[in-house]
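First the structure, in the form of structure tokens, and then the observations on it.
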Amino acid sequence: MIHKVDIAIIGAGPAGMSLAQSLVSGDEKTRPPSVAVIDEQKDGGGQVYRAALRQAPDLASVLGQEYQSARPWLQEASQNPDIQFYFRTSAWNIEPREDGVELALVSAGRNWRLRAKRLVLASGAMERPTPFSGWQTPGVMTMGAAQTLMKDAGLVPDQPLVLLGSGPLLYLFAKQLLQSGVSIQAVLHTGPRGLRAAAWAAFWAALPGNFSPLGKGLLWRMQLALARVPQVFNVAEVVAQPDPQDTAGGLGALRYRVGGHWHTLQTGLVLVHDGVVPNTHLAAACGCSLTWDQQQACWRPELDETGRSSQSQIWALGDGARIMGSEAARWQGVAMAPALLESLGYQPSAANLARCQEAQRRLAPLQRLRRFLDAQFPPAGAFSEISDDTQVCRCEAISAGEIRRIAGLGCSGVNQARSFTRVGMGPCMGRQCGASVAKVLAGAQGKPQSALGYFTVRLPLKPVTVGDLCALEADAPASG
Amino acid sequence: MFKRLSEPKAPVTFEFEGQPLKGEAGESIAAALLAAGIIDLRRSGEDDSPRGPYCMIGNCFECLVWIEGQGSRQACREPAREGLKLRRHPGRPDPQAFGGGS
Ligand SMILES: Cc1cc2nc3c(=O)[nH]c(=O)nc-3n(C[C@H](O)[C@@H](O)[C@H](O)COP(=O)(O)OP(=O)(O)OC[C@H]3O[C@@H](n4cnc5c(N)ncnc54)[C@H](O)[C@@H]3O)c2cc1C
Ligand code: FES
């Protein structure tokens, strides 16, 4: 039997959780809509509050006050009996229909279908791909990956490591590493030491209402300086080299260039980060129009002011809609609820409308903060000048040089590049390489990156086994 | 490579390439292997180069590992369980050598 709900939300991060809670917390008199929240993680919290609901106390101080303070409201939302939660559940197909959408889901080998009148994509961000020569060497990981290991499994690096890249998460994670006693060999910043000239005006504009986050950023920077970690700025090129003696082929050294000079660091672990971008895989798969965001240099779903996409039954919010950060993701959930309820013929309660207004007020300074962060941490030089020997497509081992070769043959966009070279046809289905392929093609042909398009997404959206497929039509698992 | 801040509270035993290893029930297989110092979980199907976990959130598929009886799986999304038998994911899968699965 196909399970039916009014609203299905994919993603139980701050955006999805706060939206779900707002949708069911109208006044007592009206029956709330039926709401299902789907997430492939074990519990709610998303990327930022990953494992906050089950975190061991020994990590509490390392992960910080903000992480800890999310626990009570996440717990309250998770226990709300009016919300159906389906964790460890992935959406592998989404079919827009006239009256809503139909999702194909898999939960622990159980394949089932869910029909919803509205689908909300609250599926969050991914780290911006950072292609450089040798980045596929084991021992090169993203900072988000190492932080996930810390939050989820209580693991920290047990060897000196190098941090490489730019963005607020670099400073946050450096602080978390130092606090857990990890030795940071060096920080290689792809950006400059101080504020960029282009960021000053945005900095002054962001200051009112943002003392706390800006002060926190300053503090993390100071902590890094006080720890006497060697820091290098304006790193313009990097090359990761495997250790020739290591049978596992792990990392041995990192070469980097500042100005005209190359330097070498012997290291077995490099953590890379260049900000986050919306994960548009689901939106693209649903046929929602995407738009190129010049300021954040990435694709995002095209939305109206309420969050509705070009497919009227599909909405999106949080960092999957546009990078605005975790606090904004939470307020966006509150702000979206009235319009979404109205689209289904529900009358939003007075309390709902008042909370929506408060959320709009809270979002204004966060928008100014984001403008500053975008200006200070644009995609970094070292990862934008992609050398010919860099594997832009790691799955199919296709180099930037190969992409430049087909650019010379007149390849007109990323989808044609796929037919030319198999780029984006590996298991990651182009999640990692789409933007880099477009960047290389654009550079070679002197076109804007947005003109090269994005990969058409194919089914299934997540790997499913033939066994799973044959078991289609299972009933919905018990929620919770 | 990585160490645990505290000992597993619910330890499980599993195997990688015949070597017995300990992990924490429910943590990802990738986390359990990294804690055991194993980073090259597969060989590239294209250039046979060693590959290991990169994003840890299910996006990059660099962490593919071979689970006996199940086949190819993302180690960062699959929980560690008692008795799992894991193999390094081959560059070009040879179903004969790997006893089926999907
Ligand atoms: C690895 C990583 C680490 C980060 N760490 C921090 C941090 O420490 N501090 C900070 O301020 N910001 C961090 N961020 C930024 C992050 O984007 C936050 O701003 C915040 O988590 C955004 O909230 P959200 O609700 O929009 O999405 P998220 O919190 O990302 O939640 C999205 C949820 O959707 C689920 N999902 C996605 N696709 C599917 C699918 N197909 N099927 C089922 N479920 C799906 C995911 O499992 C996830 O739980 C991080 C981002 C990443 C990628
Ligand atoms: S490490 Fe990227 S998918 Fe598992």
Side-chain angles (χ1 to χ4, degrees), chain A residues 40 42 47 50 56 58-59 62 88 90 124 126-127 129 135-142 144-150 152-159 180 242 246-251 268-269 272 279 281 391 393-398 422 426-429 431-432 462-463 465-468, chain B residues 1-9 17 23-64 67 69-74 76-81 88-89 91 101-102:
Chain A
E40 40 187 35
K42 289 181 209 137
Q47 301 303 353
R50 177 182 279 274
D58 29 318
L59 264 174
V62 169
R88 295 182 193 274
S90 310
M126 56 181 262
E127 289 177 276
W135 68 315
Q136 71 278 19
T137 311
V140 180
M141 295 173 86
T142 71
Q147 202 201 29
T148 298
L149 285 166
M150 184 189 264
D152 226 5
L155 295 190
V156 294
D158 66 352
Q159 64 188 82
S180 2
D246 181 6
T247 49
L251 183 70
L269 184 61
V272 195
N279 192 345
H281 201 69
Q391 281 193 4
C393 172
R394 300 167 54 131
C395 296
E396 296 290 320
I398 291 163
R422 285 191 58 81
C428 97
M429 303 166 80
R431 285 172 175 87
Q432 287 285 324
K462 292 276 169 172
T465 64
V466 174
D468 288 342
Chain B
M1 175 105 322
F2 286 85
K3 67 173 182 216
R4 292 178 192 282
L5 287 171
S6 54
E7 282 307 300
K9 281 160 209 82
E17 294 286 328
E24 167 100 52
E27 74 182 355
S28 66
I29 290 176
L33 289 173
L34 287 168
I38 297 163
I39 53 169
D40 58 325
L41 309 195
R42 72 175 187 113
R43 294 284 181 267
S44 159
E46 295 306 313
D47 63 6
D48 211 44
S49 62
R51 301 292 175 94
Y54 177 72
C55 74
M56 285 301 292
I57 61 167
N59 260 321
C60 73
F61 289 72
E62 287 288 25
C63 63
L64 292 178
I67 306 183
Q70 288 185 57
S72 176
R73 287 290 190 280
Q74 282 167 285
C76 72
R77 294 175 70 217
E78 204 65 37
R81 293 183 299 270
R88 185 167 284 120
H89 199 290
S102 46

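Sequence lines set the chain letters: A, B, ... in the order given, protein chains first and strands last, and positions in each chain run from 1.
- Atom OG in B:Ser28 sits 8.0 Å away from atom CG in A:Leu155 (nearest 0.5 Å).
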> Can you check side-chain contact (heavy atoms from CB on, under 4.5 Å) on A:Arg50 and B:Ile57, steps first, answer last?
Replying inline: CA-CA 11 Å; A:Arg50 177 182 279 274; B:Ile57 61 167; 3.6 Å; yes
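- For the set A:Val272, A:Val140, A:Asp152, the count of heavy-atom pairs under 4.5 angstrom toward chain B peaks at A:Val140.
- Interface summary for chain A: among B:Cys76, B:Gly52, B:Cys60, the most heavy-atom pairs under 4.5 angstrom belong to B:Cys60.
- When each of B:Arg4, B:Glu27, B:Glu62 is checked for heavy-atom pairs under 4.5 Å with chain A, B:Glu62 comes out on top.
- Of the atoms belonging to A:Gln391, it is side-chain heavy atoms, and not backbone ones, that fall under 4.5 Å from chain B.
- Neither the backbone nor the side chain of B:Glu24 comes within contact range of chain A, judged by heavy atoms closer than 4.5 Å.
- The distance from the CD atom of B:Gln74 to the NZ atom of A:Lys462 is 6.5 Å, given to the nearest 0.5 Å.
- Considering only heavy-atom pairs separated by less than 4.5 Å from chain B, the leading option among A:Ala153, A:Pro242, A:Pro427, A:Pro129 is A:Pro427.
- Contacts between A:Arg431 and chain B at a heavy-atom distance below 4.5 Å involve the side chain alone, from C-beta outward.
- Not counting sequence neighbours, A:Asn279 has no partner by the side chain to side chain donor-acceptor pair (under 3.5 Å) test.
- When each of A:Gly249, A:Ala397, A:Gly154, A:Ala248 is checked for heavy-atom pairs under 4.5 Å with chain B, A:Ala248 comes out on top.
- Heavy-atom distances place no part of B:Leu41 under 4.5 Å from chain A, backbone and side chain included.
- Contact count against chain B (heavy-atom pairs under 4.5 Å) is highest for A:Pro157 among A:Gly268, A:Pro157, A:Gly139.
- Taking CD from A:Gln47 and CE from B:Met56, the interatomic distance works out to 11.0 Å, rounded to the nearest 0.5 Å.
- Residue B:Ile39 holds its CD1 atom at 6.5 Å from CG of A:Asp246, rounded to the nearest 0.5 Å.
- Annotation: the span from A:Asp158 atom CG to B:Leu5 atom CG amounts to 11.0 Å, rounded to 0.5 Å.
- Only the side chain of A:Gln432 comes within contact range of chain B, with heavy atoms under 4.5 Å apart.
- Distance check, rounded to the nearest 0.5 Å: CZ of B:Arg51 to SG of A:Cys395 gives 8.0 Å.
- Top candidate by heavy-atom pairs under 4.5 Å with chain B, chosen from A:Met429, A:Met126, A:Glu396, is A:Glu396.
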>> Is there a side-chain contact (heavy atoms from CB on, under 4.5 Å) between B:Arg77 and A:Ser90? Walk through the geometry before answering.
In response: CA-CA 11 Å; B:Arg77 294 175 70 217; A:Ser90 310; 2.9 Å; yes
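- Proximity of A:Thr465 to B:Arg73: side-chain heavy atoms (C-beta onward) are separated by under 4.5 Å at one or more points.
- Contact tally against chain A (heavy-atom pairs below 4.5 Å) for B:Ile38, B:Leu64, B:Asn59: the top residue is B:Asn59.
- Taking all atoms of both residues into account, the shortest heavy-atom contact from A:Lys42 to B:Gly26 is NZ-O, 3.0 Å.
- Neither the backbone nor the side chain of B:Pro8 comes within less than 4.5 Å of any heavy atom in chain A.
- Between B:Pro50 and A:Pro138, the shortest heavy-atom distance links the atoms O-CD, 3.3 Å.
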